[in-house]
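Inspection log for the structure reproduced underneath, given as structure tokens.
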Amino acid sequence: MRRSVVIGTGSALPRTVVSNAELAARVDTTDEWIVERTGIRQRHIAEADETTGSLATEAARAAIAAAGVQAKDVDLIVLATATPDQTFPATATIVQHNLGCHGGIAFDVAAVCSGFLYAVGVADSMLRTGMAQRALVIGAETFSRILDWEDRTTCVLFGDGAGAILLEAQDQAGDSPRGILATKLHADGNHNQLLYVDGGASTTGTVGKLRMKGREVFRHAVVNLADVLHEVLAETGLQTSDIDWLVPHQANARILDATARKLNLPPEKVVITVDRHANTSAASVPLALDTAVRDGRIKPGQLVMLEAMGGGFTWGASLVRM
Ligand code: COA
């Protein structure tokens, strides 16, 4: 059976780290409040010369190097972002140019914090139907550019970064095939005003700032994520106990704990980077995945569940054998 197999991962973070204490000097907050409510201790913030496209390129290069292939071997780039370099062209085409891999397919996907899961779903479908052979799936964001730095309820929660995986279409046989085993995606536009940006090309003509009703987002996140994780398990016929690692969207340590509890998954199987990276939106899942691959926790053959929920609302999960 033709499957999309992860042959490399990579990530990139801006140079500058901003601690909670540094934020507390700018807005009315404290390190204690942020750590207790979110688990976040620091975040990376892009300087002027660091963009979504440059971070995405760095993450993509690392994934290509880890896979031991060449940029010209990539014939599909799907980049998930809510903070593109420009309104158009797609940031994926900027990455394609930077990498020097011309002639394939390149486009962006907009599903905010679930963007990487949506991009995985799209790329997997295109690989399995033969439209491409090797796909870079990237999540990259510079949310610092759309934060209201006077609003303490949102500006403390987010950071910048990028993560990437390289997928290759391979024929996989046997009882434990490698690759993406199942992906489930959802959206419920009824909640599109609970987490949004108050600007846009066709409305205000400005980029706008992020606005969020945090408590309501929290409530929906725990329910939606537990449901979609069960849906993916049901599709594959696997159990929670089969999962080696949960790599969740890193929004808030309390959402991660609540989701793991609802799944009956021991906390030591959950990859957590929110303390160091904060919420990097579409970048958070591939950044956390690459972190755990590179530090040796996630090993070839292991079952990894990816999940995310974001503005829209959108949410999804994907089960992958590495
Ligand atoms: N520092 C200090 N106090 C803060 C603060 C900050 N950075 N942000 C908010 N507060 C205050 C509020 O003003 C409020 O004060 P009040 O009671 O005097 O009105 C108090 O803390 C409690 O605020 P509340 O919003 O009820 O806190 P919470 O426990 O719900 O935590 C979030 C807030 C944002 C951390 C939490 O709702 C959350 O994580 N939501 C999900 C957000 C998310 O993950 N979004 C991304 C999804 S992709």
Side-chain angles (χ1 to χ4, degrees), residues 18-43 80-83 109-119 139-144 146-161 163 185-189 191-198 209-226 228 247-260 262 270 272-275 277-288 306-317:
V18 176
S19 68
N20 290 347
E22 286 169 272
L23 274 188
R26 292 169 69 167
V27 286
D28 181 16
T29 190
T30 60
D31 176 50
E32 294 73 34
W33 191 94
I34 302 172
V35 172
E36 191 195 308
R37 304 287 177 118
T38 72
I40 297 165
R41 294 182 181 276
Q42 62 169 51
R43 72 284 295 141
T81 191
T83 47
V109 161
V112 208
C113 298
S114 317
F116 182 75
L117 270 299
Y118 269 66
E141 303 279 16
T142 42
F143 258 49
S144 61
I146 56 164
L147 293 176
D148 175 351
W149 288 99
E150 319 250 286
D151 176 10
R152 68 176 183 174
T153 68
T154 53
C155 76
V156 302
L157 303 174
F158 296 90
D160 301 331
L185 302 171
H186 293 284
D188 183 353
H191 303 296
N192 70 42
Q193 294 302 306
L194 293 181
L195 174 51
Y196 66 101
V197 167
D198 62 4
K209 299 290 180 205
L210 181 147
R211 309 290 171 204
M212 177 171 71
K213 295 203 168 65
R215 193 163 275 205
E216 290 180 64
V217 175
F218 192 109
R219 201 164 46 81
H220 282 93
V222 177
V223 176
N224 290 345
L225 290 171
V228 75
V247 181
H249 171 47
Q250 309 284 322
N252 178 313
R254 289 188 297 148
I255 296 180
L256 305 190
D257 292 344
T259 310
K262 262 189 158 242
V270 184
I272 294 181
T273 54
V274 69
D275 53 331
H277 303 157
N279 181 348
T280 58
S281 186
S284 94
V285 170
L287 241 172
L306 313 175
E307 52 94 322
M309 144 112 188
F313 291 135
T314 55
W315 64 101

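In listed order, ligands and their atoms are each counted from 1. None of the values given here were measured: they were computed from a predicted structure.
- For atom 39 (O) of ligand 1, a protein heavy-atom neighbour is found at a distance under 4.0 Å.
- For atom 16 (P) of ligand 1, no protein heavy-atom neighbour is present inside the 4.0 Å cut-off.
- For ligand 1, none of its N or O atoms has an N or O atom of T38 under 3.5 Å away.
- Protein non-hydrogen atoms do reach within 4.0 Å of atom 27 (O) of ligand 1.
- Annotation: atom 30 (O) of ligand 1 to nearest protein heavy atom, R215 NE, 3.5 Å.
- The closest approach between a heavy atom of N279 and any atom of ligand 1 is below 4.0 Å.
- Residues meeting the ring-ring contact (aromatic ring centres under 6.0 Å, His included) test with Y118, sequence neighbours left out: none.
- Among all protein heavy atoms, the one lying closest to atom 8 (N) of ligand 1 is W33 CH2, 3.2 Å.
- Using a 4.0 Å cut-off between heavy atoms, I34 makes no contact with ligand 1 at all.
- Considering all non-hydrogen atoms of both residues, A82 and F143 come closest at CB-CE1, 4.0 Å.
- For the residue pair T280 and E141, the shortest heavy atom distance occurs at O-CG, 3.3 Å.
- Regarding atom 44 (O) of ligand 1, its nearest protein heavy-atom neighbour is A251 CB, 3.3 Å.
- By the 4.5 Å heavy-atom criterion applied to side chains, I255 and F218 are counted as neighbours.
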